[in-house]
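Side-chain atoms are counted along with the backbone in the values below, which use heavy atoms only and exclude waters and symmetry mates. The chain is numbered in sequence order, starting from 1.
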Amino acid sequence: MNSALEHEPYSMIEWPTVERTRIDDGTEFVLGRYGDDWVIRVGAQILMSNLLHESEEALAEIALARVANPQAILVGGLGLGYTVRAVLDRIPIDAQVTVLEVIPELVDWNRSHVGALAGHPIADPRCRVVVGDVFDFLKISPSVFDVILLDVDNGPKLLSQPKNQRIYSDWGIRVCLAALRPNGVLAVWSVGPNARYTRKLEKNGAGVETLSVPARSGIESQHVVFVAKSIRE
């Protein structure tokens, strides 16, 4: 097997480009492959990889464990599909997962190139894919979801596109929490801690937790999952 794990650090590998696309603000997203391994990057910044996805699965596991019988789950950011797969593996057959992905090409890439990595999650009949901005969608979705999972950036500061800063503002947090049903849970993935964002969650939500999770088994690197609950019961 020709794997990028044989190289350290893998982020320095020259990943051959398979597909590329640009969004309206000019930001370029690239799907790269090295042997059996895949990445999606913006410029030199790797946003996601099939080599480091355990914390994306932990995002789903942590949030779902805090809600009894979740029926409506939103996943912001399709990526390589690992978070969506982790949700589908943990919810009832009659539940529904809504996946928001702002870049239509990423949805196409999942169907044509990388879907097998996570077991073709968007082919599951419980999964509905909406191409659009997750923040704009949440603004018009009050009290709809039991669980909201956000993995659209590398954290509150490491944004994949500038307008995503709205999500991490006080206003953005209130929008996210308002889209939750009573006792619902918001969980946000980040490459690292952010004390300012934690304080904003504490200001606007309840039961706030900042949890460290392994980036991948066998390595010391840790990622972070922020958790906040709806203030409505």
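Taking E28 as the reference, R20 meet the side-chain hydrogen bond (donor to acceptor under 3.5 Å, both in side chains) condition, with sequence neighbours excluded. Applying the side-chain hydrogen bond (donor to acceptor under 3.5 Å, both in side chains) criterion to S55, with sequence neighbours excluded, gives W189, H223. Annotation: salt bridge (Lys or Arg N to Asp or Glu O under 4.0 Å) contacts of D146 (sequence neighbours excluded): R181. Applying the side-chain hydrogen bond (donor to acceptor under 3.5 Å, both in side chains) test to Q71 and every residue at least two apart in sequence or in another chain returns N69. R66 meets the side-chain hydrogen bond (donor to acceptor under 3.5 Å, both in side chains) test with E209; sequence neighbours excluded.
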Side chain to side chain contact (heavy atoms under 4.5 Å, CB included) between R126 and V84, worked out:
CA-CA 11 Å; R126 294 170 295 171; V84 180; over 6 Å; no
Given side chain to side chain contact (heavy atoms under 4.5 Å, CB included), test V102 with I23 step by step and report yes or no.
CA-CA 9 Å; V102 71; I23 59 177; 5.7 Å; no
V134 and L74: side chain to side chain contact (heavy atoms under 4.5 Å, CB included), yes or no, with the steps?
CA-CA 9 Å; V134 65; L74 180 139; 3.8 Å; yes
Step-by-step side chain to side chain contact (heavy atoms under 4.5 Å, CB included) determination, H113 to E19:
CA-CA 10 Å; H113 295 295; E19 301 274 8; 2.9 Å; yes
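Taking the six-membered ring for Trp and thresholds of 30 and 60 degrees, Y197 and Y168 have ring planes more than 60 degrees apart, a perpendicular arrangement.
Taking both residues in full, the closest heavy atoms of A206 and S230 are given as CB-O, 4.3 Å, listed atom of the first, atom of the second, then distance. Listed here is the closest heavy atom pair of P121 and N110: CD-OD1, 4.5 Å. When all heavy atoms of V147 and A63 are compared, the pair lying nearest together is CG1-CB, 3.8 Å. Between V99 and C127 the shortest heavy-atom distance is CG2-SG, 3.6 Å. Closest non-hydrogen pair, P92 versus P70, comes out as CD-O, 3.7 Å. Nearest heavy-atom pair across L177 and G205 is CD1-CA, 3.6 Å.
With values rounded to the nearest 0.5 angstrom, I91 atom CD1 is found 4.5 Å from I73 atom CD1. Between the CD atom in E61 and the CG atom in L149 there is a gap of 12.0 Å [rounded to 0.5 Å]. Taking CD1 from I173 and CG from L186, the interatomic distance works out to 8.0 Å, rounded to the nearest 0.5 Å. Summarising the geometry, atom CD belonging to E202 is positioned 7.0 Å from atom OG1 belonging to T210; distances are rounded to the nearest 0.5 Å. Taken to the nearest 0.5 Å, the CD atom of E101 stands 10.0 Å off from the CD1 atom of I122. Taken to the nearest 0.5 Å, the CD1 atom of I40 stands 4.5 Å off from the CE atom of M48.
Pairs of residues two or more places apart, or lying in two chains, that qualify as side-chain hydrogen bond (donor to acceptor under 3.5 Å, both in side chains) and include a residue from residues 73-92 are R85-D89.
Note: the hydrophobic cluster containing L117 also contains W109 (ILVMFWY, side chain heavy atoms under 4.5 Å, direct or indirect links). Linking ILVMFWY side-chain heavy atoms closer than 4.5 Å, directly or via other members, places I148 and V208 in a single hydrophobic cluster.
More than 12 non-hydrogen atoms from other residues, nucleotides or ligands lie less than 6.0 angstrom from CG of D94.
Looking at heavy atoms from C-beta onward, F135 lies out of side-chain contact with V152 at the 4.5 angstrom threshold. Annotation: side chain of V131 is in contact with side chain of V107 (closest heavy-atom distance under 4.5 Å). Contact annotation: the side chain of V188 never approaches that of L201 to less than 4.5 Å [non-hydrogen atoms, C-beta and beyond]. Within the 4.5 Å cutoff, the side chain of T198 has heavy atoms near those of the F226 side chain.
Classification of R166 and D133 as a salt-bridged pair holds, one side-chain N sitting under 4.0 Å from a carboxylate O.
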